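Everything numeric in this text was worked out from a predicted model, so none of it was measured.
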Amino acid sequence: MNIKEVLAKKVSAAMVAAGLPEGTNPAISISNRPQFGDYQANGVMGAAKKLKTNPRELATKVVEQLALSKDLDGIADKIELAGPGFINIHLSQTWLASQLALMAQDTHCGVTQRCADHQGSLLEGKSQTVVVDYSAPNLAKEMHVGHLRSTIIGDAVVKALEFRGDKVIRQNHMGDWGTQFGMLIAHLSDKLAGDEVAETALADLENFYREAKVRFDNEEGFADRARADVVKLQSGDAQCAKLWQQFIDISIAHSEEIYSKLNVSLQRSDIMGESSYNPDLSKVIDELMASEIAVEDQGAKVVFIDEMANKDGEPSVFIVQKSGGGYLYATTDLSACRYRSGQLKADRIIIFTDARQSLHFKQVEIVARKAGFLPENVGYDHCPFGMMMGNDGKPFKTRTGGTIKLAELLDEAVVRASDLIKEKNPEINTEELNEIATKVGIGAVKFADLSKNRTSDYIFSWKSMLSFEGATAPYLQYAYSRIQSIFRKAAVEQVQSKIDIIEPQEKALALKLLQLEDVIDAVISECTPNLLCNYLYELASLYMSFYEACPILKDGIAVEVKESRLALCQLISQTLKQGLNILGIEVMERM
């Protein structure tokens, strides 16, 4: 249930009845101060300016129409004017309680996706097929910290889409093609000729790649062999293809280990590497040339994009085929547009990469739309993100300046969490310690990243991310486990009681709980999981205030009050679990 949508519909009808044009935005927003209501309708201000009329008089007419229509009867206790034309809406506590009862029915269906019986407003007119391109590591290399953001931001948005009821098609656009593979194949051939086993030679992919690059840069004749092997690979040579496949298989196994540690939902079946588009690339070029979108320039095939001309009027240059006949990322991404819109029937395509690729994907979209590879009715959202930085304000690296392997970072997170938990609870047994440390450590790394604005750089800090205070995963995991301890003390597992909203802290929690769907919609629209992180932190903080002000199991508390508050606690814990599940962060019954 989306309160903003309910109120927007009712207020819009009243605005039209008051003489405002159809489609006038009621501008419903959450009130920042309880004395000004729970929600505000601010749309009259802008409308009055356009109509050159008095905003307060116009707002008075809207309030009168709301009273006449009785559309908000039973929903709002009070509707009042404020200032020059704001409309404050105070929601009925009885109505809020009834909406919590409906929400409780939804959460009983599970925490990963709404069931068909309870999707309600989430699916009404909104269900889409959405292709999400994320993670995309380069094969023949291990994943490093630079892959973290694409992987976990993309996965959180995917899970939010699935929670709403959209059909999501994951696309892991792995870099499994290109000139570097000639270098690697030549180096592996020499290793195998020296009686090494491929699995042993490739056990440390980073070291293998480094060895091959040194030879490519310094060893006479090796670069020529590497380039020849690229041509063989692209021509379908069986031996080169066999060696290439070994790189692919071992690299994918490394990636799968990372995805498992990160609790990310990507599977092997989601991989759609660059090589998948190889058969289509010549057709892409032929069509671009036939339609005169691309032209030949100095032997290369080029699109000159006038829409992105510089201040001197010179068009942006977008090379789609090199002078030697080789293809580029540009060609592959254009083919991907055609495949996703045509074969996968996408209504929307979302791509997560770092901000340095923003220009490239803007060029891709313009050219793909001109060529008809990307119809106008298909949304295309390149969602760039900032960098993970060290304390020195530079990209996060090892002390020696090397790239940090993602597996090593995650292992360190678990070790640090384990030390912290042992310090707080020295008596904990090893099995429980390992489980909690894994969930807390991995959750801390993910939440620290996801809670930041997607487009911003952020400073990586072990101390802040593993804190049990403030907006961190441990704080939210602790809030969840604290609620579970209440149920253990009460000796109950499930509560079916009616929720009564009496105290201000209970109303604040009810309002926050009922804002979940609005937050999910915003996450999906803007591809910004930090909005969900903020919401969960605010919910947990409100719960802590409620816990202090509203006794639950204390002697002398009336049975119906106790059961109502237990039911509210249950809904809070389910919402925390649901929200953290969307973020790919696990909870635990005890901490």
Side-chain angles (χ1 to χ4, degrees), residues 1-7 9-10 28 30-31 34 37-39 72-78 89-111 113-115 117-122 163-164 476 479-480 482-484 486-487 490 492-521 532 535-547 549-552 557-582:
M1 208 290 304
N2 190 318
I3 295 178
K4 284 178 77 172
E5 286 186 4
V6 171
L7 296 179
K9 189 174 181 181
K10 306 290 187 185
I28 303 294
I30 298 168
S31 176
D38 303 310
Y39 282 79
L72 287 178
D73 284 10
I75 296 175
D77 278 340
K78 184 169 67 170
I89 302 169
H90 298 258
L91 296 175
S92 159
Q93 295 188 176
T94 302
W95 183 77
L96 288 172
S98 71
Q99 299 309 302
L100 289 183
L102 293 174
M103 186 179 184
Q105 290 179 16
D106 284 351
T107 55
H108 289 155
C109 299
V111 298
Q113 185 173 348
R114 294 294 169 105
C115 75
D117 292 335
H118 294 130
Q119 282 168 337
S121 65
L122 283 177
F163 173 78
R164 190 173 69 178
L476 295 176
Y480 175 84
R482 190 172 186 178
I483 297 173
Q484 304 319 300
I486 292 172
F487 281 90
V492 294
E493 291 185 7
Q494 288 284 331
V495 183
Q496 303 294 335
S497 301
K498 175 175 173 284
I499 296 174
D500 292 314
I501 299 170
I502 301 167
E503 300 296 335
Q505 292 84 359
E506 293 170 323
K507 184 176 182 182
L509 275 169
L511 285 165
K512 184 58 67 176
L513 285 165
L514 293 170
Q515 289 162 12
L516 173 64
E517 292 179 11
D518 190 38
V519 171
I520 296 292
D521 278 348
L532 179 57
Y535 168 84
L536 294 173
Y537 172 62
E538 289 166 4
L539 177 64
S541 298
L542 287 171
Y543 165 71
M544 296 301 185
S545 299
F546 158 78
Y547 182 82
C550 303
I552 301 168
I557 298 296
V559 172
E560 62 272 16
V561 173
K562 173 182 131 179
E563 291 183 350
S564 169
R565 288 176 180 171
L566 280 172
L568 185 57
C569 285
Q570 181 173 270
L571 194 50
I572 296 161
S573 73
Q574 289 167 337
T575 303
L576 285 171
K577 185 175 183 179
Q578 198 166 56
L580 287 170
N581 182 76
I582 289 171

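Using a 4.0 Å cut-off between charged side-chain N and carboxylate O, Asp38 and Lys507 make a salt bridge.
Atom-to-atom distance recorded for Gln515:CD and Glu538:CD is 8.0 Å, nearest 0.5 angstrom. Distance NZ/Lys577 to CD1/Ile582: 13.5 Å, rounded to 0.5 Å. If you take SG on Cys569 and NZ on Lys562, they are separated by 12.0 Å, rounding to the nearest 0.5 Å. The distance from atom CD of Gln578 to atom CD1 of Ile520, rounded to the nearest 0.5 Å, is 7.5 Å. Rounding to the nearest 0.5 Å places OG1 of Thr94 at 8.0 Å from CD1 of Ile501. The distance from the CD atom of Gln570 to the CD atom of Glu563 is 11.5 Å, given to the nearest 0.5 Å.
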* Asked: Stepwise, does the side-chain contact (heavy atoms from CB on, under 4.5 Å) test hold for Arg482 with Met544?
  -> CA-CA 10 Å; Arg482 190 172 186 178; Met544 296 301 185; 3.2 Å; yes

* To do: Determine, step by step, whether Ile89 and Lys78 satisfy the side-chain contact (heavy atoms from CB on, under 4.5 Å) criterion, reporting the C-alpha distance in whole Å, the side-chain angles of both residues, the deciding distance to 0.1 Å, and the verdict.
  => CA-CA 6 Å; Ile89 302 169; Lys78 184 169 67 170; over 6 Å; no

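Within the 4.5 Å cutoff, the side chain of Ser573 has no heavy atoms near those of the Tyr543 side chain. Leu511 places none of its side-chain heavy atoms less than 4.5 Å from the side chain of Leu513. Between Tyr547 and Gln505 there is no side-chain heavy-atom pair separated by less than 4.5 Å. Side-chain contact between Phe487 and Val495: present, with at least one pair of heavy atoms (C-beta onward) separated by less than 4.5 Å. Residues Ile557 and Ile552 fail the side-chain proximity criterion, which asks for heavy atoms closer than 4.5 Å. In this structure, Glu503 and Arg565 have side chains that are in contact, with non-hydrogen atoms separated by less than 4.5 Å. Two residues are said to be in side-chain contact when any heavy atoms from C-beta on lie closer than 4.5 Å; Ile572 and Tyr480 fail this criterion. Using a 4.5 Å heavy-atom threshold, the side chains of Leu91 and Asp77 count as separate.
For Tyr537, the side chain to side chain contact (heavy atoms under 4.5 Å, CB included) test picks out Ala471, Tyr475, Ser541, with sequence neighbours left out. Checked against side chain to side chain contact (heavy atoms under 4.5 Å, CB included), Lys498 has the following partners two or more places apart in sequence or in another chain: Asp500.
Partner of Ile28 under the side-chain contact (heavy atoms from CB on, under 4.5 Å) criterion, out of Asp518, Ile3, Leu7: Leu7 alone.
Of all heavy-atom pairs spanning Thr575 and Leu516, the tightest one is CG2-CD2, 4.1 Å. Smallest separation of non-hydrogen atoms from Ile499 and Ala567: CG1-CB, 3.6 Å. Nearest approach of Gly579 to Leu532, heavy atoms of both residues: O-CD2, 3.6 Å. When all heavy atoms are compared, the tightest approach of Ser92 to Gly74 is CB-O, 3.8 Å. For Leu96 against Ala510, the heavy-atom pair with the smallest separation is CB-CB, 4.4 Å. Closest heavy-atom contact between Cys550 and Glu506: SG-CG, 4.4 Å.
When atom types are taken as modelled, the side chain of Ser98 and the backbone of Trp95 share a donor-acceptor pair closer than 3.5 angstrom.
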